[in-house]
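Structure, as structure tokens:
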Amino acid sequence: ASGMPRRQYASGHLLFVGDETLYAQPFDLDRAELSGAPRAIASNVRTWTEFPGVAWFQASPGGAVAYRAGATTAGDVQLTWVDRRGGQLGVLGEPGRYGQIALSPDERSVALEVYDDEGDHDLWTMDVARGVASRVTTAPGNERDPVWAADGRSLVYGAGDLRRKGLRAGDPDAVVSDEAGETIEEIPEQWSPDGRTLVFLRRDPESERQSVWTLSPDEGDEPELLMDTGFRVDEPRISPDGRWLAYISDESGQYEVYVEPYRREGERVRVSLNGGGQPRWRGDGKELFFVAQENALMAVAVQEAGDRLEVSLPEELLRLGVSVGPMLDDYAVTADGERFLVKQPLEQARLPRVHVLLNWSTILERRGRGPGGPPRRGPE
């Protein structure tokens, strides 16, 4: 099961990791019995951040064992400002276990998903000028997909249903929508440019079918279906002038970026050429950004032509350090389209070290049964 400690039998021993140390303990395979005391054969062995018992090691039948070095915090990322060529402009705050990010309308704060010790997400905000983070949600479980209100004073987020909360930890959270039923998950995506309408997804976890809905909670309206194609549709984004809707769909067999008129008739345009996700509009609607294969951040020029948009061929701007998937929010862009907030892996995570121990069981035998330290490493 996920999260259970990982063990492997090799060379008459059972190998396992505890406290980032790789141990070997004699094991009788016929009797399925352990004997003797566990002996440390390597230290500083990396484990999965979410599942501390699941470690990065593998033993070979020939008597070698390979393991990946580094503490569990190696999965942390650094929020970094970059320009359109990928040049670093500065870092934001301290490294952390950050998930999706969202820049506030006034660009003075960023909302963050932050992993807790159980692997769930809490929501925080970080002051862009000072890099200081403040907690927003404190409830157990997952709070995900933060979306800023137009006035920047609250967040809407998903917790199975849709909820809205002020920025202080003590502010109560209010249910925005819970009409979809217990088996349907609701995921906020964006407020309309006028701040009146929330665009969100309804997802059936069993069929993984997704549909796009809108809701005007302050006006007491019922949710209204916007798009249900039978394919997986995600990341809906309304253009700044409110006339166009960018989104991704897997109808071609992989996610691609499309643009079509929002709530009116007109032609749909495919924007990406060979896969794409995470579409974002520039503040004036003259450019659309998206993430293509190999974490490439692309840009297309956009020009309105009657009931359709004319879009240029995609141009690669830079490579994202971290991009988890086409349907997640792994970067943010300022309204002028000149600066991007991205997640960069720490140096240790970017260049992992793999160590190989040769003849480790023979070394244990020579050292006898008493306690001993790890043997020497082989070539890396």
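- A donor-acceptor pair is defined here as one N or O able to donate and one able to accept, closer than 3.5 Å; such a pair exists between the side chain of Ser104 and the backbone of Ser109.
- A donor-acceptor distance shorter than 3.5 angstrom exists from the side chain of Thr334 to the backbone of Arg339, with no hydrogens or angles considered.
- Residues that satisfy the salt bridge (Lys or Arg N to Asp or Glu O under 4.0 Å) test with Glu94, not counting sequence neighbours, are absent from this structure.
- Side-chain contact check for Thr197 and Ser216: at least one donor-acceptor pair (N or O, by modelled atom type) lies under 3.5 Å.
- There is no side-chain donor-acceptor pair under 3.5 Å between Gln278 and Asp329.
- Judged as a salt bridge (Lys or Arg N to Asp or Glu O under 4.0 Å), and not counting sequence neighbours, the contacts of Glu224 are Arg263.
- For the residue pair Ser272 and Glu256, a side-chain donor N or O sits within less than 3.5 Å of a side-chain acceptor on the partner.
- A salt bridge links Glu287 with Arg84: the distance from a Lys NZ or Arg NE/NH1/NH2 to an Asp or Glu carboxylate oxygen falls below 4.0 Å.
- Using a 4.0 Å cut-off between charged nitrogen and carboxylate oxygen, Lys286 and Asp284 do not count as a salt-bridge pair.
- At least one donor-acceptor pair under 3.5 Å links the side chain of Gln210 to the backbone N or O of Val233.
- At least one donor-acceptor pair closer than 3.5 Å links the side chain of Asp83 to the backbone N or O of Gly87.
- Residues meeting the salt bridge (Lys or Arg N to Asp or Glu O under 4.0 Å) test with Glu235, sequence neighbours left out: Arg237, Arg280.
- Within the 3.5 Å criterion, the main-chain N or O of Ala59 finds a donor-acceptor partner in the side chain of Gln8.
- The aromatic rings of Phe289 and Phe340 sit perpendicular, their planes meeting at an angle over 60°, well past the 30° parallel limit.
- Without hydrogens or angle criteria, Lys343 side chain to Gly99 main chain gives a donor-acceptor distance under 3.5 Å.
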Glu267/Leu309 under side chain to side chain contact (heavy atoms under 4.5 Å, CB included): CA gap, chis, key distance, verdict: CA-CA 8 Å; Glu267 184 178 345; Leu309 284 187; over 6 Å; no
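- Using a cut-off of 4.0 Å between Lys/Arg side-chain N and Asp/Glu carboxylate O, Arg202 and Glu185 are scored as not salt-bridged.
- Between Tyr98 and Tyr115, the distance separating the two ring centers is not shorter than 6.0 angstrom.
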Stepwise side chain to side chain contact (heavy atoms under 4.5 Å, CB included) check, Val342 with Val322: CA-CA 8 Å; Val342 302; Val322 173; over 6 Å; no
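- Under the 3.5 Å distance criterion, the side-chain polar atoms of Trp148 are matched with a main-chain donor or acceptor of Ala102.
- Within 6.0 Å of the CZ atom in Arg308, the count of heavy atoms belonging to other residues, nucleotides or ligands exceeds 12.
- Taking the six-membered ring wherever Trp is involved, the centroid distance between the rings of His355 and Tyr67 falls below 6.0 Å.
- Without hydrogens or angle criteria, Lys165 side chain to Thr137 main chain gives no donor-acceptor distance under 3.5 Å.
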Asp171 vs Asp173, side chain to side chain contact (heavy atoms under 4.5 Å, CB included): CA-CA, chis, key distance, verdict: CA-CA 7 Å; Asp171 289 342; Asp173 61 348; over 6 Å; no
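- Between Glu251 and Arg268 a salt bridge is recorded (basic side-chain N to carboxylate O distance below 4.0 Å).
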CA sep, side-chain torsions, deciding dist, call: Arg209, Asp204, salt bridge (Lys or Arg N to Asp or Glu O under 4.0 Å): CA-CA 5 Å; Arg209 183 168 180 169; Asp204 185 342; over 6 Å; no
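- More than 12 heavy-atom neighbours from other residues, nucleotides or ligands sit within 6.0 angstrom of CZ on Arg264.
- Between Asp145 and Gln100, the side chains place a donor N or O and an acceptor N or O closer than 3.5 Å (distance only, hydrogens not considered).
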Full working for side chain to side chain contact (heavy atoms under 4.5 Å, CB included) between Asp330 and Val291: CA-CA 9 Å; Asp330 292 316; Val291 180; over 6 Å; no
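- A salt bridge links Asp122 with Arg135: the closest approach of a Lys/Arg side-chain nitrogen to an acidic carboxylate oxygen falls below 4.0 angstrom.
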Worked check of side chain to side chain donor-acceptor pair (under 3.5 Å) between Arg164 and Tyr157: CA-CA 6 Å; Arg164 178 160 52 182; Tyr157 62 92; over 6 Å; no
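- Side chain of Gln190 to backbone of Ile238: a donor-acceptor contact under 3.5 angstrom is found.
- Residues Gln344 and Gln78 bring no donor and acceptor atom of their side chains to less than 3.5 Å of each other.
- Side chains of Asn274 and Gln254: a donor on one and an acceptor on the other come within 3.5 Å.
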